[in-house]
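Following: one structure in structure tokens, then a few remarks.
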Number of protein chains: 4
Amino acid sequence: MTTREKIYESAVVLIAEHGYAATTIDEIAAKAEVAKGTVYYNFGSKEELFRQLLGYGVDLLTSRMTEVSKGLKGTAALDAIFTEVLQRASKTPAFMQLLFTEMYRTGRAWQDTLLFVRENVLGVIRNVIAEGKESGEFDPSVDPETASAAAMGALAIAILDWLAYHPSTPVDELHKSVSQLLLRGLVG
Amino acid sequence: MTTREKIYESAVVLIAEHGYAATTIDEIAAKAEVAKGTVYYNFGSKEELFRQLLGYGVDLLTSRMTEVSKGLKGTAALDAIFTEVLQRASKTPAFMQLLFTEMYRTGRAWQDTLLFVRENVLGVIRNVIAEGKESGEFDPSVDPETASAAAMGALAIAILDWLAYHPSTPVDELHKSVSQLLLRGLVG
Amino acid sequence: MTTREKIYESAVVLIAEHGYAATTIDEIAAKAEVAKGTVYYNFGSKEELFRQLLGYGVDLLTSRMTEVSKGLKGTAALDAIFTEVLQRASKTPAFMQLLFTEMYRTGRAWQDTLLFVRENVLGVIRNVIAEGKESGEFDPSVDPETASAAAMGALAIAILDWLAYHPSTPVDELHKSVSQLLLRGLVG
Amino acid sequence: MTTREKIYESAVVLIAEHGYAATTIDEIAAKAEVAKGTVYYNFGSKEELFRQLLGYGVDLLTSRMTEVSKGLKGTAALDAIFTEVLQRASKTPAFMQLLFTEMYRTGRAWQDTLLFVRENVLGVIRNVIAEGKESGEFDPSVDPETASAAAMGALAIAILDWLAYHPSTPVDELHKSVSQLLLRGLVG
DNA sequence: TATGAATGAGCTTTCATTCAT
DNA sequence: TATGAATGAAAGCTCATTCAT
């Protein structure tokens, strides 16, 4: 593992746990087992480290989401996306946690970075929902804009809650529950 | 407005925008137009201010959620709860934003406070879903634990996204979209 | 002495000795017997402290120079100015040292502040020389622009050299030497 | 240009602009287009680089000053020296600037180096003035010690002011103004 | 009840220096 | 001879907290 990767990994985990503002470069360096200066040598600043970290993770996530849903439509596409997101959350829970706890900060500083993040993450789902609606598989009264945010939120908070309070439950059950809720609704 | 209230309001807004760790007592005092010492005179410490603020807001929210759903069951109860949450989000958007962005921090420091918060907010919804399931109105395969987290997440992220990126959309539309998604599903 | 004054005094002395860049806020705070935070509470930043310190000292110096030369012309005016500058150098040697060693830094950061400083200090002398030239007391071929810089430089370096290497020489001798050099020249 | 020369040139320019303390090895290496390690390979340390740079420049300057004034006395000798200093300042303005802004630092660290520098630079002028005084060309009441510092200062600051604020003025005019001022005085 | 000057621990950042290549 | 990733001491700065008024 390169120095950059060690720093990256440590930063993701710590920021996910304590948040960006509450995580110190000292902690990141200590966890990565490098000197504090090395973090700055490799990333320039705390802000830049976070920006790169968000960018990299979001790129990875959205490109995978796009890939697994390619050629699929409606229910099948959403299901593939849910599976992918859940698998990524199992493997790298810290990044998922980080993503959803920092994504709706509205202070000036991050606005453009976060807008980009949201656009990418929600965009993939919104497209699938919009297509499913046009093809007649989804209810015509569905609003893709709101529905994609709500669907993503359902998935995200279910994951965070699972990670924080029920980590022993198998991923499959989570998948089934969320899928069913979002596709068929509580009424069924 | 009393001194305490002025400080409370300012703190909610600022913490919602920048997060707990990134909000300073100086900023809170300045926004509330009181001296810094006054914040300490009234709340003792930053942590205590946040604890009281969370506690007060969550109490208010959950007691209202319980109240409006009293005597109702299943769909009707959920609908009443959604209406209430959305109304509160319209009136005090900052608190909602704060609640959902700070709720899944997993550092040691807050764990007990946040566990209490989560327990209360999710509890109300979980009970309604569990009752609806038993009464046969909701699908018997629904898992109230996961479904309540997912439902809360759908509502929460839909609200945050709305507040941050579509504040001009009427609440009613949001309500309709989220209700339909959670009750009937995308398939409808 | 107020807290601000204590910090001010300490900063002048230390910056005069080691230069702006080599003087630390820790040293200034220690010498002033206040906490480091107190320096920031009172001046905001190291740069701002230096700016205020320069501004205050230059104001004092130039207003005194203007005052003592008021109503006087040519030789008499210059002599009064030299007397005043030398007296100030005896009383507050540190500020004089600081002024002349930091005055010709040409890095971007200070350019505007230093331009202002130079304008004020040289301005007073330039006016006296220009008037003396017009009144016929000074040689008509003198260029006030260059001559004022040269005169200031002669005075400044004579003072610095005196402070650093001959502090025991009486001020009067210095005054006589510099006056004679600038008014009558080496040839006499 | 050798590696050492490239580093030397870059260091002179940057230290002249920002001062010794505010100039970093990184900047010097970048400007010289070599790696940071190369600066250390060639000069050992930042302090040693500065020492060599000062020593080399001062040697060159004083040896030229001595040479051009050899065989000359009084006015003629001084005029030759002024011409030489002005020519050097035209060619290598940065070193001149550096020399006079770092020469009167009185912190312990440099004291011996700077004393040596001052001794050499002022020494040449002091000797010429002392000789001119003995030969009767200069006023017998002139104090060579003070006069040499003042004369050097006049020349130096006139040069710095010229470099910083009137670089378009021809050297000749500067030369004439300073010569006249120092030899004949303002009264003429 | 309210104030705000003062504090100092701890933060982000810089930078001279080293060393394996 | 030259490199540049890595280091860590030390710098500038922030901010929760205290306390005399």
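Values reported hereafter were calculated over all heavy atoms of this structure, with side chains retained and with hydrogens, waters and symmetry mates removed. In what follows, chains are A, B, ... by sequence order, proteins preceding strands, each numbered from 1.
Within 4.0 Å of C:T2, counting heavy atoms only, lies no atom of the nucleic acid at all. If you check every strand for non-hydrogen atoms under 4.0 Å, B:T24 touches sugar and phosphate atoms only. Within 4.0 Å (heavy atoms only), A:N42 reaches sugar-phosphate atoms of the nucleic acid but no base atom.
In this entry the distance linking CD of A:E48 with C1' of E:dT12 reads 15 Å, nearest Å. To the nearest angstrom, P of F:dA6 lies 14 Å from CD of A:E33. Put simply, CZ on C:F43 is 16 Å from C1' on F:dG12, counting in whole angstrom units. Separating the CD1 atom of A:I15 from the P atom of E:dT12 is a distance of 10 Å, rounded to the nearest angstrom. Following rounding to the nearest Å, A:R4 (CZ) and F:dG4 (C1') show an atom-to-atom distance of 15 Å. The nearest whole Å value for the distance from the CG atom in D:D26 to the C1' atom in F:dT7 is 13 Å. When rounded to the nearest whole Å, the span between CD1 of A:I25 and P of F:dG8 equals 16 Å. Remark: P of F:dA9 and NZ of D:K46 are 19 Å apart, rounded to the nearest angstrom.
The main-chain N or O of B:L14 is found under 3.5 Å from a side-chain atom of B:T23 such that the two form a donor-acceptor pair. Remark: the backbone N or O of A:N42 is paired with a side-chain donor or acceptor of A:R4 at under 3.5 angstrom.
Checked for salt-bridge contact, C:E102 and D:R105 meet the test: a charged N lies under 4.0 Å from a carboxylate O. Taking a cutoff of 4.0 Å between a charged side-chain nitrogen and a carboxylate oxygen, A:E27 and A:K31 do not qualify as a salt bridge.
With both pairing distances under 3.5 Å, E:dA20 is matched to F:dT3 as a Watson-Crick or G-U wobble pair. The partner of E:dA9, taking Watson-Crick or G-U wobble pairs whose two distances both stay under 3.5 Å, is F:dT14.
Remark on DNA chain F: of its neighbouring residues A:V34 and C:A21, the 5'-side contact belongs to A:V34, judged by nearest-heavy-atom nucleotide. Residues B:Y40 and A:T3 both approach DNA chain F. Their nearest nucleotides, taken by heavy-atom distance, put A:T3 toward the 5′ side. Both D:E47 and B:A35 lie near DNA chain E, and the one whose nearest nucleotide falls closer to the 5' end is B:A35.
To the nearest 0.5 Å, the span separating CD on C:E9 from OG1 on C:T92 amounts to 9.0 Å.
The base of E:dT17 sits within donor-acceptor range of the side chain of D:K36, with an N or O pair under 3.5 Å.
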